Protein chains: 2
Amino acid sequence: MPQKRSYGQYCATAKTLDIVGERWTLLVIRELLTGPRRFKDLAASLRGIGTGLLGARLRQLEETGLVRRTTLPPPASVGAYELTEAGRELEPAVMALARWGLKWALGKPARGDAFHPGWAVLALQALFNPAEASGIRESYEFRVDDEVFHARVDGGQVQSVHGAAWEPTLTVTSNGSTFRAVASGELALEEAARSGRITIAGDRSAVRRFEKIFARPTPAKLPAVRAGAA
Amino acid sequence: MPQKRSYGQYCATAKTLDIVGERWTLLVIRELLTGPRRFKDLAASLRGIGTGLLGARLRQLEETGLVRRTTLPPPASVGAYELTEAGRELEPAVMALARWGLKWALGKPARGDAFHPGWAVLALQALFNPAEASGIRESYEFRVDDEVFHARVDGGQVQSVHGAAWEPTLTVTSNGSTFRAVASGELALEEAARSGRITIAGDRSAVRRFEKIFARPTPAKLPAVRAGAA
DNA sequence: CGGCATCCATTTTGATACTG
DNA sequence: CAGTATCAAAATGGATGCCG
């Protein structure tokens, strides 16, 4: 019984990290932020984790009450994992980490970096600007490669989910690599649309709202000050 | 050369965790959020890290540009570590983790939990309510055991630092255990003051503002749903 | 498919001893 | 005090294999 390791500090941050601070754990949460996922899909998204460690992490999260097992609605009717309320409430923390990463760490993809559209959807969500969204209530559909995500803006909040969930005001279609470039800020949405790499269908005025609501306020700087370097 | 381990994902969250996701790293950042610290003070606050690992983490953070070495102003004039701009910008993420922990994970101190007043100051800061703070510009002093912290509210933002930094509107004095209980929500400030465990000096009307600005919106629930437990 | 159990090569970590 | 050096104990990562 490898009695769980703890920082042993009476500190809110440390206690949180006692629960979600181990390797892979926050990425499992990230995967589940957009809805229930099956074991094999989690394993596929988390290249390198191995089924054993993934199983251990899920069991841990279940025991601490952040994740629960569920059964997908028919016709699927298969088992899956989803976040509990406590788990879902980690979203602000994950989004804060994502905002930092967008500004300071993301840059251009490294050779061999994996990519899944869902990550870009969460990046968009991280850029959500509540002030610009006030009074707006509409949904956006992202069709990237084979996957569909919906994002709904309502009451000054966003929620994004894997799969079709609402009647979209706007539908954005593209391949993964273009979507990746747009969500990371390398490529402007307008630019991508003009060059035909992205197709936008639906209410034209919603495009302008969309761009304001998910505006990139930070032009992405890089620190990477190699200390020892010359 | 143990070529740094990476998740290998083109995802803002994963890239952030590539940099700050290792054990102890975010706690080092947490310690530095309230100002520069010396090596030995970091080691003392982070019981269990060991000087070797602390050194390695600091070197890593220096290389990635989140931390830099500095010299404390005279008369101290000794070396210390402080956050760079990139490092300081992790504050929202650390605060988000702290808010989650305050609600879901903190509870009562476990036997053997370490505690430092600075952690409670950060917990208060995590509860900061910008809406209530609009138009307010004042500073609070916390004298806990031997340590002094100042928190300044201005322009809808807070900043807290280790040591005296501003002219305080209010001075709160108590021992560590009382301060811990108040910051964690176990004990109401009013209550602690009435029973004499905390002394409040300064502008009386500032006490009411203080309580609103750092109000605990979440009454602290606990998940801990043991899955396997009979 | 949906996992858990096992084995093993590497990394990370934790604790202490040691040096400038 | 500020770290390095060292070594034992854990955690991770792959690869299988197994079973319902």
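Just so you know, these numbers come straight off a predicted model, no measurement behind them.
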### Task
Take the protein atom CZ of A:R57 and the nucleotide atom C1' of C:dG3, then report the distance between them rounded to whole Å.
17 Å
### By side-chain hydrogen bond (donor to acceptor under 3.5 Å, both in side chains) - contacts of B:Y7 (at least two apart)
none
#### Entry: Non-neighbouring partners of A:H150 that pass ring-ring contact (aromatic ring centres under 6.0 Å, His included), sequence neighbours left out
none
## Note on the structure
By ring-ring contact (aromatic ring centres under 6.0 Å, His included), A:F179 pairs with (sequence neighbours left out) A:F142
#### Entry: Listed partners of B:E186 passing side chain to side chain contact (heavy atoms under 4.5 Å, CB included), at least two apart
A:Y10, B:K108, B:P109, B:R180, B:A181, B:S184
### Task
Scan residues 70-82 of chain B against DNA chain D and write down, sorted by residue number, each residue with any heavy atom closer than 4.0 Å; if none is found, say none.
B:Y81
### Query
Can you name the nearest heavy-atom pair linking A:S45 to A:W119, along with the distance?
O-CZ2, 3.5 Å
### Task
Check side chain to side chain contact (heavy atoms under 4.5 Å, CB included) between A:E138 and all other residues, then give those that pass, not counting sequence neighbours.
A:I136, A:Y140, A:T169, A:A206, A:R209
### Query
What parts of residues 19-37 of chain A reach DNA chain D, counting only heavy atoms under 4.0 Å away?
A:R23, A:W24
### Task
Let me know the distance between CG of A:L58 and P of C:dG3, rounded to the nearest Å.
8 Å
### Message
Rounded to whole Å, please give me the gap between NZ in A:K4 and P in C:dT13.
### Response
14 Å
Extract from the structure each pairing of a protein N or O with an N or O of nucleotides 15-20 of chain C at less than 3.5 Å, listing the distance.
from	atom 1	to	atom 2	distance (Å)
C:dA15	OP2	B:G48	O	3.4

Sequence neighbours excluded and cut-off under 3.5 Å, please list the side-chain donor-acceptor pairs for residues 20-29 of chain B, or say none.
from	atom 1	to	atom 2	distance (Å)
B:E22	OE1	B:K4	NZ	3.4
B:T25	OG1	B:E22	O	3.4
B:T25	OG1	B:R57	NE	3.3

## Note on the structure
Between A:A56 and A:Y7, whichever has its closest DNA chain C nucleotide further toward 5' is A:A56
### Message
Going by the rule side chain to side chain contact (heavy atoms under 4.5 Å, CB included), which residues pair with B:R47 if we only count those two or more places apart in sequence or in a different chain?
### Response
B:A114
### Euclidean distance, atom CZ of residue B:R5 to atom C1' of C:dA9 [Å, nearest integer]
13 Å
### Query
Within the pair B:R69 and D:dG3, is there a side-chain N or O less than 4.0 Å away from OP1 or OP2?
yes
### Message
Looking at B:S6, is its backbone amide N or carbonyl O close enough to the side chain of B:D18 to form a donor-acceptor pair, meaning the two atoms are under 3.5 Å apart?
### Response
no
### Sequence-distant partners of A:E89, salt bridge (charged side-chain N to carboxylate O under 4.0 Å, His left out), two or more places apart
B:K103
### Query
Under 4.0 Å between a side-chain N/O of B:R38 and OP1 or OP2 of D:dA2, yes or no?
yes
### Query
Under 4.0 Å: is that the gap between some side-chain N or O of B:R59 and OP1 or OP2 of D:dG3?
no
### Message
Does C:dC1 have its OP1 or OP2 closer than 4.0 Å to a side-chain nitrogen or oxygen of A:K40?
### Response
no
### Message
B:A96: which residues meet the side chain to side chain contact (heavy atoms under 4.5 Å, CB included) condition with it, sequence neighbours left out?
### Response
A:A93, A:A96, B:R99
